[in-house]
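Read the numbers this way: they start at 1 and go in the same order the structure lists the ligands and their atoms. Scope of the values below: all heavy atoms of this structure, side chains included, with no hydrogens, waters or symmetry mates. Start at 1 with the first residue, then count along the sequence.
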Amino acid sequence: MSAQEPRTVTVTGAGGQIGYALLFRIASGAVFGPGTPVRLRLLEIPAGLKAAEGTALELQDCAFAALDSVEVTENAARAFDGTNVALLVGARPRGPGMERGDLLSANGAIFGPQGAAINAGAADDVRVLVVGNPANTNALIAAAHAPDVPAERFTAMTRLDHNRALAQLAGTLDVPVASIGNIIIWGNHSATQVPDISHGVLTGADGAQRPLPDALAEALGGAGKVATWLDETFIPRVAKRGAEIIEVRGSSSAASAAAAAIDHVRDWVRGTTGSWTSAAVLSDGSYGVPRGLVSSFPVNSRDGAWEIQQGLSVAADVRARIEGSVRELEEERDMVKSLGLV
Ligand code: NAD
Ligand code: LMR
């Protein structure tokens, strides 16, 4: 494909907070590069249409060179027709008194039909990123309704958790974010997720590399202090950052979620170099995660496909945490199975 051939990107929930932070960056060329024209399709439900239409007007007013067209629709078949990248952001938020089963059931009614519409009309190379929560299991539901699309094209976002972890580490070590590589988010995009620094690498200004645990031991005053800091500060801070943002901001993360979605799709389309990153992808059984779950792994992107980084040693405490997060994913899967959603 020539760099100039237009790409179609569908964003659901386009009238919402994340949509507003996401669309302008896509239109400016942040995913495919400024030389590739983008056709945007904005999918909303009636309550969100006006907001999406307003966003479309503003997109026009930016006069982005890479923006080929913007279309707002409430018709999923139209929204996904010929789409190359589908960002499934719109989801049903948890309301008062709603149990997890109610939430999964409400989201099944969204992600099932959207998966079917992707199956019916998307481009052969379609790539899907689910952002709407519970993201991993919503991806599972959408994939189950798209039997003709390779299941590995359905992914869920843990890049925000990865970026949050990078930022916490950079702040603690007082180093640039870009100097830290090879950290991992395992499991579910929920409070059970497992931020793991054991394979992390720190690159100094002189290009010399050293293990991140060693750098942390030096900064915190010994290896024992690192273990305590990981357990009591770093892991809970990253895993509960979504709740912290909601508490402080009064609504859930939006610009940072949009930035992470851009990072995920850009790397998927254009490839990763150097460090791996984290994404929730279809498990092939790697690291003991049951096949068929959409779980976060260390991943590299090559030739437009995510590949799980193989061969990493996993310490017993990290493995136990991963098992806990995977159990939660299995429970969610079993619940949507019992509801007939997958
Ligand atoms: P929001 O409420 O501001 O916007 C959601 C939009 O989705 C609304 O405009 C709504 O009308 C629309 N919508 C609902 N059902 C739809 C459907 N069937 N089709 C199309 N549009 C539909 O919410 P937001 O802040 O933009 O967040 C969106 C989702 O992303 C939430 O589920 C949130 O929990 C999740 N989220 C995930 C991450 C992550 O890291 N994976 C991070 C932040 C937020
Ligand atoms: C986040 O990680 O910021 C969100 O998933 C939180 C939420 O519940 O919307």
Side-chain angles (χ1 to χ4, degrees), residues 10-23 41-56 72-80 86-95 98 100 103-118 128-139 141-142 145 155-165 167 185 187-193 195 236-265 277-280 294-296:
T10 305
V11 176
T12 76
Q17 291 197 89
I18 295 176
Y20 193 72
L22 181 60
L23 286 158
R41 300 265 177 76
L42 279 50
L43 180 67
E44 259 295 349
I45 52 175
L49 271 182
K50 274 287 180 204
E53 282 165 6
T55 303
V72 181
T73 180
E74 55 182 302
N75 179 327
R78 174 62 200 152
F80 293 114
L87 289 147
L88 308 188
V89 178
R92 174 82 190 272
R94 191 195 288 264
M98 250 175 130
R100 193 147 53 126
L103 186 69
L104 289 168
S105 170
N107 279 305
I110 296 174
F111 289 87
Q114 290 182 356
I118 289 168
V128 183
L129 171 62
V130 177
V131 176
N133 281 321
N136 302 51
T137 298
N138 288 339
I141 295 169
H145 288 78
T155 64
M157 191 164 93
T158 52
R159 185 63 172 262
L160 178 54
D161 310 295
H162 185 97
N163 288 347
R164 286 167 171 165
I185 303 292
N188 200 2
H189 171 67
S190 76
T192 68
Q193 67 178 264
R237 190 90 201 267
V238 173
K240 295 180 187 163
R241 183 67 157 188
E244 183 184 348
I245 301 287
I246 291 171
E247 196 185 315
V248 175
R249 192 176 171 262
S251 55
S252 68
S253 60
S256 55
I262 297 280
D263 288 347
H264 177 116
V265 181
T277 184
S278 302
V294 176
S295 185
S296 190

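Under the 3.5 Å distance criterion, with hydrogens and angles disregarded, a donor-acceptor pair is assigned to the side chains of Thr155 and His264.
Between Leu22 and Val11 there is a side-chain heavy-atom pair separated by less than 4.5 Å.
Nearest heavy atom pair, residue Ile246 against residue Ser252, reads CG1-CA, 3.5 Å. The two residues Thr73 and Ala79 have their closest heavy-atom pair at CG2-CB, 3.8 Å. Residue Ala135 comes nearest to Val130 through the heavy atom pair O-CG1, 3.5 Å, listed as atom of the first residue, atom of the second, then distance.
Protein residues having at least one heavy atom under 4.0 Å from any atom of ligand 1 are Gly13, Gly15, Gly16, Gln17, Ile18, Leu43, Glu44, Ile45, Val89, Gly90, Ala91, Ile110, Gln114, Val131, Gly132, Asn133, Met157, Leu160, His189, Ser252, Ser253, Ala257, listed by chain and number.
Of all the atoms in ligand 2, the ones that sit under 4.0 Å from a non-hydrogen atom of Ser253 are 1 (C), 3 (O). Close approach of ligand 2 to Gly242 (heavy-atom distance below 4.0 Å) involves ligand atoms 1 (C), 2 (O), 3 (O).
Nearest to atom 5 (O) of ligand 2 by heavy atom, out of Glu244, His189, Arg241, is His189. Of the candidates Arg249, Gln17, Met157, Arg164, it is Arg164 that places a heavy atom closest to atom 2 (O) of ligand 2.
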Check your understanding: Stepwise, does the side chain to side chain contact (heavy atoms under 4.5 Å, CB included) test hold for Leu87 with Thr12?
Key -> CA-CA 6 Å; Leu87 289 147; Thr12 76; over 6 Å; no
Exercise for review: List the steps, then state whether side-chain hydrogen bond (donor to acceptor under 3.5 Å, both in side chains) holds for Asp263 with Asn163.
Suggested key: CA-CA 10 Å; Asp263 288 347; Asn163 288 347; 3.0 Å; yes
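In the displayed structure, Arg241 atom CZ is contacted under 6.0 Å by more than 12 heavy atoms of other residues, nucleotides or ligands.
Contact between Asn133 and ligand 2 is present, with at least one heavy atom of the residue lying under 4.0 Å from the ligand.
Note on Lys50 versus Glu44: no salt bridge recorded, every NZ/NE/NH1/NH2 to OD/OE distance being 4.0 Å or above.
In this structure, atom 9 (O) of ligand 2 lies nearest to the protein heavy atom Ser252 CB, 3.4 Å.
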